[in-house]
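Because only heavy atoms are used, hydrogens play no part in the values below, and waters and symmetry mates are left out as well, while side chains stay in. Each chain gets a letter, A, B and so on, in the order its sequence line appears, and its residues count up from 1.
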Number of protein chains: 2
Amino acid sequence: MVMDSNGLQTRIERMCIERGLKMTGQRRVIARVLSEAHDHPDVEELYRRASLLDGRISVATVYRTVRLLEENGILERRDFGGSRARYETTGEGDHYHLIDVESGQVVEFTHADHAELLRRITAELGFDLVSHRLELFARRLPDVPEEQTTQVAQTQRKGRSRP
Amino acid sequence: MVMDSNGLQTRIERMCIERGLKMTGQRRVIARVLSEAHDHPDVEELYRRASLLDGRISVATVYRTVRLLEENGILERRDFGGSRARYETTGEGDHYHLIDVESGQVVEFTHADHAELLRRITAELGFDLVSHRLELFARRLPDVPEEQTTQVAQTQRKGRSRP
DNA sequence: TTAACTGCAAAATGTTTGCTTCCGA
DNA sequence: TCGGAAGCAAACATTTTGCAGTTAA
């Protein structure tokens, strides 16, 4: 069994092995970086983080690895409007992204049945939905205190909501 | 007064003049190409079309022009997943895009109140919606004959529906 | 052993820019 | 006239690739 920073195999490493991918030192490092990433890093950033753990990794390898992982359904490529592609691990549950146009910060959220709605729209147009992309670009509202007004049940912020 | 292919000023040219942009020969050609484009061309394609009308245009000029037009709210940049940015003229009414993953063909459609829904979602998250992006990637269904089943009123294909 | 992987540097791609010349208002 | 615009090529930024050496299975 291969280990993460705490001596445990990372989830991504496990997935790689399941798929029969050769686990090199570099891949292990990248897998660990990805497993520990709770944001949406681009290749540059992944390379930076990986390099801290192991200086013998090249950007080319990071590029090749993210592509490989994407092709194997382990990673998903995102485009939040910047010039570079960003990545997040698959299977954290369906969610969308809201990008704070001021800070660049990304907020994940879920919205019940949105995918179903889109599937219906697609069907009406005579198509079968393969995938979709929904991104909201928004500006933080002046912090209204903890007094909820119309809480519409469907929308839900993902993850630890207040740090 | 400047003329389009039929001797009339194009809509885009008019908008440029309104905004006080200097109308050079190249811009006139690009404006005409854009006015006549009913698809979502990328810079390469715009350059190709413009070059047919006037061989003395450089790609750099096309790049500078689309940027200028975008900054002036005349054009909108789109990203349909390919490697290059694509453009369409502003103000044809709000609509979304469905990209046929097989052919690359883009189908425009409207969906009543979708923007309003997204605005509500955004507000629930404590943000103010600035802009959003929604793209459907889909595969054409085997052509079911002209017998509509559940026609959900909201979705509507834009433009000439069957060529 | 050997097919797959890596590093490196070069190349490919899409886009922007510096500079000189040109031209529209 | 003269400031913005065009052409050209060089610069950029991101990503891919060819090749020769390395390594996991």
Side-chain angles (χ1 to χ4, degrees), chain A residues 1-3 9 12-31 33 40-48 50-51 53-72 74-87, chain B residues 1-3 9 12-14 16-33 40-48 50-51 53-72 74-87:
Chain A
M1 226 199 219
V2 202
M3 309 292 133
Q9 194 184 45
I12 292 185
E13 214 181 313
R14 234 176 296 124
M15 296 176 79
C16 287
I17 293 167
E18 273 170 29
R19 274 150 247 238
L21 302 179
K22 190 188 274 191
M23 280 318 292
T24 64
Q26 290 88 330
R27 287 203 185 151
R28 240 187 291 280
V29 169
I30 295 171
V33 167
H40 306 76
D42 56 34
V43 167
E44 190 76 3
E45 178 62 20
L46 289 173
Y47 173 57
R48 206 189 56 76
S51 296
L53 302 180
D54 181 345
R56 285 164 308 175
I57 291 180
S58 74
V59 231
T61 298
V62 180
Y63 272 107
R64 284 194 265 236
T65 304
V66 292
R67 205 199 326 179
L68 183 81
L69 297 184
E70 197 199 350
E71 286 165 359
N72 279 273
I74 296 172
L75 270 193
E76 283 178 30
R77 188 203 307 250
R78 299 283 176 208
D79 165 24
F80 295 152
S83 49
R84 6 200 210 249
R86 301 175 59 172
Y87 292 87
Chain B
M1 222 199 222
V2 204
M3 309 290 134
Q9 195 183 43
I12 292 184
E13 214 181 313
R14 234 176 298 125
C16 287
I17 293 166
E18 273 170 29
R19 273 151 245 238
L21 302 179
K22 190 189 277 191
M23 283 316 294
T24 64
Q26 290 87 330
R27 285 200 186 153
R28 241 188 290 282
V29 169
I30 295 171
R32 187 169 134 195
V33 167
H40 306 77
D42 57 34
V43 166
E44 189 76 3
E45 178 62 18
L46 289 174
Y47 174 58
R48 206 189 55 75
S51 295
L53 301 180
D54 181 344
R56 287 162 306 175
I57 290 179
S58 76
V59 230
T61 297
V62 180
Y63 272 107
R64 283 196 264 238
T65 303
V66 292
R67 194 177 2 155
L68 182 81
L69 297 184
E70 197 198 351
E71 285 165 0
N72 280 273
I74 296 172
L75 270 192
E76 283 177 30
R77 189 203 306 250
R78 298 284 177 207
D79 165 23
F80 295 151
S83 49
R84 5 201 210 251
R86 301 175 60 172
Y87 292 88

Would you mind reading off the distance between [X] atom [atom1] and [N] atom [atom2], rounded to a whole angstrom?
X     : N      : atom1 : atom2 : value
B:D54 : D:dA5  : CG    : P     : 18 Å
B:N72 : D:dA5  : CG    : P     : 10 Å
A:E44 : D:dC12 : CD    : P     : 16 Å
B:L46 : C:dG14 : CG    : P     : 14 Å
B:R28 : C:dC23 : CZ    : C1'   : 12 Å
A:R19 : C:dA4  : CZ    : P     : 18 Å
A:I17 : D:dA25 : CD1   : C1'   : 12 Å
B:Y47 : C:dG14 : OH    : P     : 15 Å

Worksheet item: Can you tell me if A:R28 uses its side chain to pair, donor with acceptor, with the backbone of A:E13 under 3.5 Å?
Response: no
Worksheet item: So which of residues 61-70 of chain B are in contact with DNA chain C, with a heavy-atom cut-off of under 4.0 Å?
Response: B:Y63, B:R64, B:R67
Discussion item. Using the salt bridge (charged side-chain N to carboxylate O under 4.0 Å, His left out) criterion, which residues pair with B:R14? Sequence neighbours excluded.
Written reply: none
Worksheet item: Is the closest side-chain heavy-atom distance between B:I57 and B:V62 below 4.5 Å?
Response: yes
Worksheet item: Any side-chain heavy-atom pair from A:V59 and A:V43 closer than 4.5 angstrom?
Response: yes
Worksheet item: For C:dG24, does OP1 or OP2 lie under 4.0 Å from any side-chain N or O of B:T24?
Response: no
Fill in: Steps toward salt bridge (Lys or Arg N to Asp or Glu O under 4.0 Å) verdict (B:R67, B:E70)
CA-CA 5 Å; B:R67 194 177 2 155; B:E70 197 198 351; over 6 Å; no
Fill in: Residue A:K22, side-chain atoms from C-beta onward, closest of C:dC8, D:dA24, D:dT14
D:dA24
Fill in: Nearest listed nucleotide, side chain of B:R27, among C:dT6, D:dA6, C:dT13
D:dA6
Worksheet item: At what distance, to the nearest 0.5 angstrom, does CG of B:D79 lie from CG of A:D79?
Response: 5.0 Å
Worksheet, complete the sentence: The residue, B:L21 or B:S83, whose nearest nucleotide of DNA chain C is more 5′ is B:S83
Worksheet entry | 5′-ward residue of the pair A:I57/B:A60 relative to DNA chain C | A:I57
Item to complete: Using the test side chain to side chain contact (heavy atoms under 4.5 Å, CB included), find all partners of A:R78 that sit at least two apart in sequence or belong to another chain.
Response: A:E76, A:F80, A:E88, A:H97
